[in-house]
Amino acid sequence: MRQRYYIGDMGDYDGREVTLEGWLAGRRSSGKILFLQVRDGTGFIQCVAGRGDVDDQTFEELAALPMESSLRVTGRVAADDRAPGGFEVSLVRAEVVCAASEEYPITRKEHGVPFLMDHRHLWIRSSRQFAVLRIRATAIRAATNHLDSRGYLQLDTPILTPTACEGTTTLFETNYFEERAYLSQSGQLYNEATAMAFGKVYCLGPSFRAEKSKTRRHLIEFWQIEPEIAYADLDDVMDIQERLVEEMVGSILSERAAELNVLERDTEALARVKAPFPRITYTEAVERLNRAGHDFQWGGDFGAEDETILSRMFDRPVLVTRYPREVKPFYMENDPDDERVTLSVDMLAPEGYGEIVGGGQRMMDATQLEDRMREDGVPIDDYQWYLDLRRYGSVPHGGFGLGIERFVAWVCGLAHIRETIPFPRMLYRLKP
Ligand code: 4AD
Ligand code: MG
């Protein structure tokens with residue numbers, strides 16, 4: 001196989017001549033010297049060509065080449081503290097692979113969000129998006145590594161489902177030959193089945209919510225990693241959540257320092273994300289909101305603003321437990337000490353980000369579950385398989401879903417969730 005060189009590995013090539021295959025991301029010129037920003041998908045690097053370093057025709061071609069043309073460049077690598085990235089390449093040869101046929105639409109000037117979203121297929125080439133999406137990939141890998149190394153089995157759950165998991169108001173319907181099907185809102189119910197078969201499991205995949213929410217933290221299609229554990233109670237679920245989040249943040253801090261730097265992220269705030277996280281009950285959270293002069297009635301669900309206020313009260317994620325039955329789905333176990341509330345837990349990210357994880361202990365008793373489903377108007381016939389899990393060796397169990405995009409928005413310090421996934425699906429945004 002031919003030797004390939006990547007910008008991401010520049011540190012290994014100091015002093016050597018390398019050929020890079022990439023795209024032209026930027027250019028400055030001082031007349032006699034060209035400074036080319038080249039990116040190859042693993043990083044960005046400055047390439048320098050003086051008149052005479054490359055042949056005249058190449059020099060002229062490079063001086064006029066439109067942005068985002070593809071090119072192959074050869075030159076010597078040298079460490080240089082002044083260069084962004086710490087290395088620079090002095091060119092000896094360059095070859096245009098395909099010159100862009102039109103001026104690149106994304107320029108250095110400020111573009112509006114709608115324009116950038118319309119050009120999302122190109123926008124993802126820019127250094128900020130590069131940083132965010134690499135952090136996303138690391139978040140996912142850190143999460144799966146964490147669970148895999150602790151004996152969890154990854155068993156993915158169906159996207160096309162016959163029933164709802166998180167209530168019927170946000171279901172996407174589709175035809176399934178002669179039947180009706182819905183896009184999955186969560187793999188949880190199926191996870192409960194696989195947990196009874198395999199003990200500790202997780203699924204990783206997209207969730208769909210047909211929710212007419214146009215906020216900075218709602219996507220119509222988002223990804224969750226959802227662990228589910230047999231013989232686990234609420235405390236176990238919280239321990240597992242906080243260790244997972246601690247490790248995901250730690251991996252990003254150590255492996256993606258350069259990306260966090262591009263985003264100008266305050267890494268001290270992230271370095272504080274160490275277990276144990278503070279734990280408060282919903283009732284305490286309501287009291288805290290009221291004490292802070294924020295009017296909130298016990299019994300309601302927290303909105304984005306409430307969560308923002310709460311999450312600013314702590315310097316690391318906070319676990320809020322025991323939400324009222326009315327605001328949580330049918331599968332939540334009742335609190336044996338207070339019938340009004342459930343053994344549920346949401347993790348709110350600090351710095352105002354709010355909920356990034358939702359979960360809890362699942363209802364164990366078949367009769368109680370049936371009663372609760374009837375109360376909530378859940379069609380029991382369709383969930384007989386789910387009730388079977390309580391009929392055949394029911395055990396205390398629980399789990400949670402961590403929303404990848406909400407997590408990435410927080411860790412990257414982004415104002416909006418839209419940049420945390422390559423192609424966001426949002427209210428009124430299905431393209432590109
Ligand atoms: O709180 P949610 O709705 O919980 C569930 O779906 C459970 N069945 C998960 C489980 O216990 N296995 O969603 C879980 C997480 C939220 O905390 C949030 O991070 C993310 O998924 N999430 C969204 N992310 C982006 N856009 C949306 N519309 C989201 N809805 C939920
Ligand atoms: Mg939730």
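Start at 1 and go down the list; that is how both ligands and their atoms are numbered.
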Do me a favour and list the nearest non-hydrogen protein atom to [atom] with residue, atom name and distance?
| atom | value |
| --- | --- |
| atom 26 (N) of ligand 1 | Leu219 N, 2.9 Å |
| atom 14 (C) of ligand 1 | Gln224 OE1, 3.2 Å |
| atom 22 (N) of ligand 1 | Phe222 CE1, 3.3 Å |
| atom 4 (O) of ligand 1 | Glu166 OE1, 4.0 Å |
| atom 15 (C) of ligand 1 | Gly401 O, 3.6 Å |
| atom 18 (C) of ligand 1 | Arg406 NH1, 3.6 Å |

Show the atoms of ligand 1 that are less than 4.0 angstrom away from any heavy atom in [X].
| X | answer |
| --- | --- |
| Arg209 | 2 (P), 3 (O), 5 (C), 6 (O), 13 (O), 30 (N), 31 (C) |
| Val357 | 17 (O) |
| Arg217 | 25 (C), 26 (N) |
| Tyr331 | 7 (C), 8 (N) |
| Arg362 | 10 (C), 11 (O), 12 (N) |

| message | Going by side-chain contact (heavy atoms from CB on, under 4.5 Å), Pro227 matches just one of Val237, Leu402, Leu147. Which one? | response | Leu147
| query | Should the ring pair His111 and Phe115 be called parallel, tilted or perpendicular, given that the plane angle runs from 0 to 90° and is split at 30 and 60? | reply | parallel
Would you check if [X] and [Y] make a side-chain contact, meaning some heavy-atom pair closer than 4.5 Å?
| X | Y | result |
| --- | --- | --- |
| Phe400 | Ile240 | yes |
| Ser69 | Tyr104 | no |
| Phe87 | Asp14 | yes |
| Arg136 | Glu405 | yes |

| request: Could you tell me whether Ser186 and ligand 1 have an N or O pair separated by under 3.5 Å? | output: yes
| request: Using distance alone, determine whether Ile356 and ligand 1 share an N or O pair under 3.5 Å. | output: yes
| message | Could you identify the N, O or S atom of Glu355 positioned closest to the Mg ion (ligand 2)? | response | OE2
| Does Phe407 come within less than 4.0 Å of ligand 1, judged by its heavy atoms? | no
| task | Give a yes or no on whether Tyr176 atom OH has more than 12 heavy-atom contacts from other residues, nucleotides or ligands under 6.0 Å away. | result | no
| Can Arg279 and Asp239 be counted as an ion pair, charged N to O under 4.0 angstrom? | yes
| query | Is the shortest distance from a Lys or Arg side-chain nitrogen in Lys328 or Asp346 to a carboxylate oxygen in the other one below 4.0 Å? | reply | yes
| said: Regarding atom 16 (C) of ligand 1: of the candidates Glu226, Glu228, Glu355, which has the closest heavy atom? | reply: Glu355
| message | Within the 3.5 Å criterion, strictly below it, is a donor on Arg390 or Gln368 matched to an acceptor on the partner's side chain? | response | no
